[in-house]
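Heads up: the structure comes next, in structure tokens.
Naming: A, B, ... by sequence-line order, numbering from 1 per chain.
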Amino acid sequence: MSQWFPKLKPLGREVWERSVLLTQFLCCIHIIKEHVVEIHQVMGPSMLPTFSAVGDVLLVERLSTKFQRIKQGDVVMALSPENPRLIVCKRVLGLEGENLVVMPTHGSGRVQHIKVPKGHVWLQGDNLSNSTDSRHYGPVPYGLLRGKVFLRVWPPGGWTRF
Amino acid sequence: MAEPLWFLAKRSAAAAMICITFTDIVGNFATIQGNSMQPTLQQGHKDFISLLKGDVVFYEKISAPAYKYCRGDVVVLRSPTDPDQLMVKRLIAMQGDWVNVPGSHEIHQIPKGRCWVEGDNGNLSLDSRNFGPIPLGLVKGRVTIKVWPPHRIGRVERVLPEGQVMFTDMHSCVITRSCLECE
């Protein structure tokens, strides 16, 4: 037992240094993912034909939403107002203060005239007939937006900037 | 000459990364500005000396990813009218609950994914009575303790005001009054 102790001290030091390095690495990854750029796979038909229904991989930058540089026409990732554990991908059709004309989903629906309230945006999927968006749950508070989609990286033939 | 500076820079960068990760994941401190949560929380004023008299609270973000909040918690949320501003309010009701709108005889059911927040000081508070139920995704953390000033250090308790909320009993679909339950 006593012969082990001199060997433990440098081993302990090495374990400590490796742990510190690992912690710093994980923190760095977290900061990049949370504040700079994130990778997302989108599923579902609501953004056809822009994104396929079976899992395009997108790069989402987190800076535009933090500095309020989202413009009309941007594709954004947001927390769903109906389920905060769900992240949805939609297009911004209207910013706060703008007046929008929203076409009916089905033939018999009415045309709606909406003024987007302060602090909110109007989100719609590109696939109007199969998308749950602001037409169902109303204008979305800006605080729910997570990031702006700027590049599609998978499928490989379809690298597209947005 | 440059060696100690480089060492200091490396250490500062590492410390900053750990602090930022901590404040993103575990929790952060906030100074109270505004009287909407009196008497639970008191504000400091804009000049520096009075700012020291205002309450400083710690809010935890560990419950945030799973949204494990309970009715009666004091929470920090992003304002629905101004995305740059954080507000501190009490969470009164969750989705499916029926809320008595103060000052009138109406009751409203909170829609799916949303919640109702109110300040403890009803007269001065801009909250769900003004802007309606808000999406739960705007809630960023739960206030747990007051850390400043020293004579007000203590836990921030979970309290539900009497007589305002009726809960839906999930099994029998009967509206009943029940004790505090977490989602």
Are A:Val54 and A:Leu58 linked, directly or through intermediate hydrophobic residues, by side-chain heavy-atom contacts shorter than 4.5 Å (ILVMFWY only)?
no

Counting heavy-atom pairs under 4.5 angstrom with chain B, the leader among A:Ala78, A:Ser80, A:Pro81 is A:Pro81

Residues pairing under side chain to side chain donor-acceptor pair (under 3.5 Å) where one sits in residues 54-64 of chain A, two or more places apart or in two chains, turn out to be A:Glu38-A:Arg62, A:Ser52-A:Asp56, A:Asp56-A:Arg152, A:Glu61-A:Ser64

- request: Find out if a path of hydrophobic residues (ILVMFWY) with successive side-chain heavy-atom gaps under 4.5 Å connects A:Leu93 to A:Leu145.
  value: no

Besides A:Val111, the hydrophobic cluster formed by Ile, Leu, Val, Met, Phe, Trp and Tyr side chains linked at under 4.5 Å, directly or via other members, contains A:Val101, A:Met103

Against chain B, residues from residues 11-37 of chain A with at least one heavy atom under 4.5 Å, in numeric order, are A:Gln24, A:Cys27, A:Cys28, A:His30, A:Ile31, A:Glu34, A:His35

Looking only at heavy atoms, the pair that brings A:Arg85 and B:Ala66 closest together is NH2-O, 2.8 Å

Discussion item. Under 4.5 Å between side-chain heavy atoms, counting indirect links through other Ile/Leu/Val/Met/Phe/Trp/Tyr residues: same cluster for A:Leu151 and A:Ile39 or not?
Written reply: yes

Chain A shares the most heavy-atom pairs under 4.5 Å, among B:Lys140, B:Arg78, B:Lys112, with B:Lys112

Step through the shown structure and confirm whether more than 12 heavy atoms of other residues, nucleotides or ligands are within 6.0 Å of CD1 on B:Ile145. yes

Counting heavy-atom pairs under 4.5 angstrom with chain A, the leader among B:Leu136, B:Ile25, B:Asp24 is B:Asp24

- Message: When you group the ILVMFWY residues by side-chain heavy-atom contacts below 4.5 Å and let the links chain together, are A:Leu86 and A:Val42 in the same group?
- Response: yes

Assert top hit (heavy-atom pairs under 4.5 Å, partner chain A, pool B:Asp82, B:Asp84, B:Ile134) equals B:Asp84

- Query: Same hydrophobic cluster for A:Ile87 and A:Val60, using side-chain heavy-atom links shorter than 4.5 Å among ILVMFWY?
  - Reply: yes

Filtered by a 4.5 Å non-hydrogen cutoff, the part of residues 116-128 of chain A contacting chain B is A:Lys118, A:Gly119, A:His120

Query raised in the report: Can you find a pair of side-chain heavy atoms, one from A:Leu144 and one from B:Pro135, that are under 4.5 Å apart?
Result: yes

